[in-house]
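Along the sequence shown, residues are numbered consecutively beginning with 1. The figures that follow rest on heavy atoms only: side chains count, while hydrogens, waters and symmetry mates do not.
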Amino acid sequence: MNLIIWLVVGGLVGWVASMIMRTDGQQGIILNVVVGIIGSMLGGWLLAPMFGAGTVNSGDFSLPGLLVSLLGAVILLAIVNLVRRGRVR
């Protein structure tokens with residue numbers, strides 16, 4: 001059951017992050033899920049200790065946990081855009 005929650009919430013987090021970074025037209029559903037899950041891991045590693053919140057990957061389904069996961073996904077997309085194009089949009 002936890003895997004299904006990861007996929008659904010990761011997809012939603014990745015989709016919202018792609019809309020924020022304006023890369024939604026370039027990504028499909030699978031890439032949104034991947035960005036959401038990996039971005040959540042990145043957010044848990046970088047941002048969770050600073051904010052004192054968990055992430056979706058650690059089973060924290062609170063609003064701060066979702067926001068940390070979303071910020072991690074946005075950071076991941078910014079890094080990908082920087083590597084791809086040489087600039088962040």
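- Interatomic distance, CG of L77 versus CZ of R22, reported as 13.5 Å (0.5 Å rounding).
- Separation of atoms CD1 (I75) and CD1 (I79) is listed at 7.0 Å; rounding is to 0.5 Å.
- S69 approaches V13 most closely through the heavy-atom pair O-CG1, 3.7 Å.
- With values rounded to the nearest 0.5 angstrom, L42 atom CG is found 7.0 Å from L47 atom CG.
- Partners of L67 by side-chain contact (heavy atoms from CB on, under 4.5 Å), not counting sequence neighbours, listed by chain and number: L63.
- Between N32 atom CG and I37 atom CD1 the span is 11.0 Å, to the nearest 0.5 Å.
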Task: Candidate pair L66 and V9, rule side chain to side chain contact (heavy atoms under 4.5 Å, CB included), full reasoning - done: CA-CA 9 Å; L66 290 173; V9 174; 3.9 Å; yes
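- The CG atom of L76 sits 11.5 Å away from the OG atom of S18 when rounded to the nearest 0.5 Å.
- Under a cut-off of 6.0 angstrom, the local environment of CG in L46 is crowded, with over 12 non-hydrogen atoms contributed by other residues, nucleotides or ligands.
- Here the straight-line distance linking atom CD1 of I20 with atom CG of L71 works out to 8.0 Å at 0.5 Å rounding.
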